[in-house]
Amino acid sequence: MNNVFDQYEVWFVTGAQLLYGGDAVIAVDAHSNEMVNGLNESGKLPVKVVYKGTANSSKEVEAVFKAANNDDKCVGVITWMHTFSPAKMWIHGLQQLKKPLLHLHTQFNKEIPWDTMDMDFMNLNQSAHGDREFGHICTRMRIRRKVVVGYWKEEETLHKIAVWMRVCAGWADSQDMLIIRFGDQMNNVAVTDGDKVEAEQRMGYHVDYCPASELMEYHKDIKNADVDALVATYFNDYDHDASLEDKSTEAYQKVWNAAKAELALRAILKAKGAKGFTTNFDDLGQTDGSYFDQIPGLASQRLMAEGYGFGAEGDWKSAALYRTVWVMNQGLPKGCSFLEDYTLHFDGEKSAILQAHMLEVCPLIAEQKPRLEVHRLSIGIDSETARLVFTSKQGEGVAATVVDLGNRFRLIVNVVDCIKSKKLPKLPVASALWIPQPNLEVGAGAWILAGGTHHTSFSYDLTTEYWEDYAEIAGIEMVVIDKNTTIPEFKKELRMNEVYYMLNKALC
């Protein structure tokens with residue numbers, strides 16, 4: 001798989017002025033080049049940093065920010081004030097900038113050269129001065145940005161930049177994201193729907209309806225030889241009972257039909273340029289020859305692993321969010337998935353929630369090699385249905401969802417602890433078992449108070465810092481549920497947020 005970050009770059013712009021003379025400008029430029037080369041050579045950053053020069057005037061700032069807006073490869077801009085850079089010269093550029101902004105408060109030299117420092121050194125190395133000037137104008141102009149403070153070579157500084165880069169890549173990817181809905185929402189379900197127009201304005205992605213009849217036109221064109229080849233891939237890649245390969249059995253035919261459904265979905269998604277999709281078992285369930293004979297759960301599992309966003313029952317917000325999670329998660333080791341809260345397990349401090357779905361859980365989070373199995377599924381289409389069966393890895397992760405509150409979108413983030421699940425011999429599906437932090441009572445209670453969905457986009461590798469950066473870039477509300485959460489304080493936060501957003505809307 002190609003590295004998704006290779007198509008992107010982050011621009012580095014240094015702030016200075018001409019007051020200190022030509023030698024200072026040359027030194028600033030040399031230091032900036034060395035820093036950018038060092039950032040790229042650190043091996044810690046997923047996206048290439050490109051030095052775009054020193055901005056010494058309002059016209060230079062405006063020109064570089066306009067250029068960033070118009071360059072599809074540029075997913076964000078890092079600014080650093082090497083010397084004192086008067087903030088009024090940044091106003092017109094900041095008014096133009098549409099790309100995410102990171103303000104790096106650092107210094108070329110790590111330590112003060114106590115014995116040799118003179119006024120020339122002081123004039124040149126004024127980040128402590130210049131970055132505050134720049135920070136003031138950003139705050140006055142209400143510019144959303146991430147501020148990273150630390151020496152540019154240090155591990156923690158590089159980590160914070162890397163997190164922001166991953167989020168910028170996910171954000172850039174979402175700006176031309178098309179989500180296809182095969183069928184409508186599940187009838188009468190509120191939380192999975194929302195304002196698609198506002199979502200496109202705020203988050204960038206576009207959501208289109210596609211009738212199942214159009215999907216079936218692609219289904220009809222799938223060649224049997226291609227289906228046979230994909231079935232062989234299934235048997236090679238996943239554990240399974242040898243009897244499943246018996247072509248005379250219904251189970252084999254169901255696997256074959258599931259492979260044909262996957263190829264049809266791939267074909268239509270590729271043709272439309274879509275990055276994600278939703279299904280609805282009420283709209284794919286007829287068996288008159290022109291519809292799938294089973295829910296395409298196996299296809300959804302495999303497509304998620306390759307980066308397609310997925311949402312069940314028409315949940316287009318979860319499909320889009322999962323795609324963004326997958327992009328941000330690239331190159332990280334533990335994986336991500338669409339998940340659904342299904343069943344509670346009350347056991348004192350170990351009280352937990354079983355995360356599953358009918359079928360659609362991504363194998364990237366599997367603890368062991370998934371098993372290909374065929375079992376009856378009575379929801380939607382009452383049919384024997386192919387699926388990958390596994391339990392998830394253990395460890396801390398983060399579940400996130402976006403809900404539409406009418407006057408705004410709210411991003412809800414819950415840190416969770418995935419624990420060892422007991423065997424489920426009568427429930428052959430993919431699943432995870434987690435304890436929401438700080439515990440089930442508080443974690444689930446806060447989630448419900450915040451209006452959270454029963455669907456989530458989950459990752460072991462992403463942390464709340466990623467989601468803070470995402471919410472900052474998107475300009476949406478965010479609430480975090482973690483080990484420090486208490487219900488009384490969480491209620492206060494929700495009430496204060498309500499007042500803030502109501503006033504903000506009124507003022508706008």
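Because the structure is a prediction, the values reported are computed rather than measured.
For Lys369, the NZ atom sits in a packed shell: over 12 heavy atoms of surrounding residues, nucleotides or ligands are nearer than 6.0 Å. In this structure, Lys99 places its NZ atom where more than 12 heavy-atom neighbours from other residues, nucleotides or ligands lie under 6.0 Å away. The environment of Glu441 atom CD is sparse: at most 12 non-hydrogen atoms of other residues, nucleotides or ligands sit within 6.0 angstrom. Counting heavy-atom neighbours within 6.0 Å of Asp347 CG, excluding the residue itself, gives a total above 12.
Without hydrogens or angle criteria, Arg144 side chain to Ala471 main chain gives no donor-acceptor distance under 3.5 Å. A donor-acceptor pair under 3.5 Å is absent between the side-chain atoms of His206 and the main chain of Gly204, judged by distance alone. Asn280 places no side-chain N or O within donor-acceptor distance of the main-chain N or O of Gly183, the cut-off being under 3.5 Å. One N or O on the side chain of Ser174 and one on the backbone of Met203 form a donor-acceptor pair closer than 3.5 Å. Put simply, the side chain of Ser337 never gets that close to the backbone of Leu339: no donor and acceptor are under 3.5 Å apart. Of the possible donor and acceptor atoms, none in the side chain of Ser351 sits under 3.5 Å from a partner among the backbone N and O of Phe346. A donor-acceptor pair is defined here as one N or O able to donate and one able to accept, closer than 3.5 Å; no such pair exists between the side chain of Thr385 and the backbone of Arg376.
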Check the pair Lys196 / Glu200 against salt bridge (charged side-chain N to carboxylate O under 4.0 Å, His left out), numbers first and verdict last.
CA-CA 6 Å; Lys196 301 177 187 67; Glu200 187 162 350; over 6 Å; no
Would Lys275 and Leu178 count as a side-chain contact (heavy atoms from CB on, under 4.5 Å) here? Give the steps.
CA-CA 6 Å; Lys275 295 180 179 179; Leu178 172 62; over 6 Å; no
Checking Glu198 against Gln201 for the side-chain contact (heavy atoms from CB on, under 4.5 Å) test, could you report, in this order, the C-alpha distance in whole Å, the side-chain angles of both residues, the deciding distance, and whether it holds?
CA-CA 5 Å; Glu198 184 65 22; Gln201 287 181 270; 3.4 Å; yes
Trace of the side-chain contact (heavy atoms from CB on, under 4.5 Å) decision for Val442 with Thr486
CA-CA 7 Å; Val442 175; Thr486 66; 5.7 Å; no
Evaluate the side-chain hydrogen bond (donor to acceptor under 3.5 Å, both in side chains) criterion for residues Thr233 and Arg302: first the C-alpha distance (whole Å), next the side-chain angles of each, then the deciding distance (0.1 Å), finally the verdict.
CA-CA 12 Å; Thr233 297; Arg302 285 173 48 82; over 6 Å; no
Evaluate the criterion side-chain contact (heavy atoms from CB on, under 4.5 Å) for residue pair Lys146 and Val163; output intermediate values, then yes/no.
CA-CA 11 Å; Lys146 180 172 186 172; Val163 167; 4.2 Å; yes
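Every side-chain contact (heavy atoms from CB on, under 4.5 Å) that Ala356 has, sequence neighbours left out, goes to Tyr342, Val429, Ser431. Evaluation of the salt bridge (Lys or Arg N to Asp or Glu O under 4.0 Å) rule for Asp241 yields Arg371 as partners, not counting sequence neighbours. Checked against side-chain contact (heavy atoms from CB on, under 4.5 Å), Ile143 has the following partners two or more places apart in sequence or in another chain: Leu94, Leu101, Cys138, Met141. Taking the side chain to side chain donor-acceptor pair (under 3.5 Å) definition, one finds that His375 meets it with Glu373, sequence neighbours left out. Residues passing the side chain to side chain donor-acceptor pair (under 3.5 Å) test with Lys492 are Glu489, sequence neighbours excluded. By the side chain to side chain donor-acceptor pair (under 3.5 Å) test, Tyr218 pairs with no residue at all, sequence neighbours left out. Taking the side-chain contact (heavy atoms from CB on, under 4.5 Å) definition, one finds that Asp184 meets it with Arg181, sequence neighbours left out. Partners of Glu154 under the side-chain contact (heavy atoms from CB on, under 4.5 Å) rule, at least two apart in sequence or in another chain, are Lys110, Tyr151, Thr157. With sequence neighbours left out, the side chain to side chain donor-acceptor pair (under 3.5 Å) criterion links Arg266 to Glu262, Glu306.
Two residues are said to be in side-chain contact when any heavy atoms from C-beta on lie closer than 4.5 Å; Pro438 and Asp482 fail this criterion. Taking 4.5 Å as the limit, some side-chain heavy atom of His240 sits within range of a side-chain heavy atom of Glu245. Within the 4.5 Å cutoff, the side chain of Thr485 has no heavy atoms near those of the Gln437 side chain. Residues Leu462 and Asn329 form a side-chain contact, since some pair of their non-hydrogen atoms from C-beta on lies under 4.5 Å apart. The shortest distance between side-chain heavy atoms of His219 and Lys260 falls below 4.5 Å. Between Tyr234 and Val255 there is a side-chain heavy-atom pair separated by less than 4.5 Å. Looking only at side-chain heavy atoms (C-beta outward), Trp80 and Met35 come within less than 4.5 Å of each other. The shortest distance between side-chain heavy atoms of Phe292 and Leu215 falls below 4.5 Å.
Note that CG of Leu411 and OH of Tyr470 are 7.5 Å apart. Values are rounded to the nearest 0.5 Å. In this structure, CG on Leu303 lies 6.5 Å from OH on Tyr308, to the nearest 0.5 angstrom. Put simply, OG1 on Thr192 and NE2 on His455 are 7.0 Å apart, with the number rounded to the nearest 0.5 Å. Within the model, atoms CD1 of Ile78 and CH2 of Trp164 stand 5.0 Å from one another, a figure rounded to the nearest 0.5 Å.
The residues Lys254 and Asp293 are annotated as salt-bridged, a charged nitrogen and a carboxylate oxygen being separated by less than 4.0 angstrom. Ion pair Lys73/Glu9 flagged as a salt bridge, since at least one NZ, NE, NH1 or NH2 atom sits closer than 4.0 Å to an Asp/Glu carboxylate oxygen.
For residues 395-420, the salt bridge (Lys or Arg N to Asp or Glu O under 4.0 Å) pairs, not counting sequence neighbours, are Glu367-Lys420, Arg408-Glu477, Arg408-Glu498, Arg410-Glu477. Within the structure, every pair that satisfies the salt bridge (Lys or Arg N to Asp or Glu O under 4.0 Å) test and touches residues 309-334, not counting sequence neighbours, is listed here: Asp173-Arg323. For residues 392-437, the ring pair (Phe, Tyr, Trp, His ring centres under 6.0 Å) pairs, not counting sequence neighbours, are Trp434-Phe458.
Proximity of the aromatic rings of Tyr322 and Phe338 is defined here by a centroid distance below 6.0 angstrom, and this criterion is not met.
A side-chain donor from one of Asp341 and Gln355 sits under 3.5 Å from a side-chain acceptor of the other. Side chains of Trp171 and Asp469: a donor-acceptor N/O pair is absent below 3.5 angstrom, by distance only. Between the side chains of Arg387 and Ser300, no donor-acceptor pair is found at a separation under 3.5 Å. No side-chain N or O of Arg495 forms a donor-acceptor pair with one of Tyr500 less than 3.5 Å apart. Between the side chains of Thr401 and Thr453, at least one donor N or O lies within less than 3.5 Å of an accepting N or O.
Listed here is the closest heavy atom pair of Val325 and Ser459: CG1-CB, 4.1 Å. Of all heavy-atom pairs between Ala199 and Trp316, the closest is CB-CZ3, 3.6 Å.
Ring geometry for His105 versus His103: interplanar angle of 30 to 60°, hence tilted.
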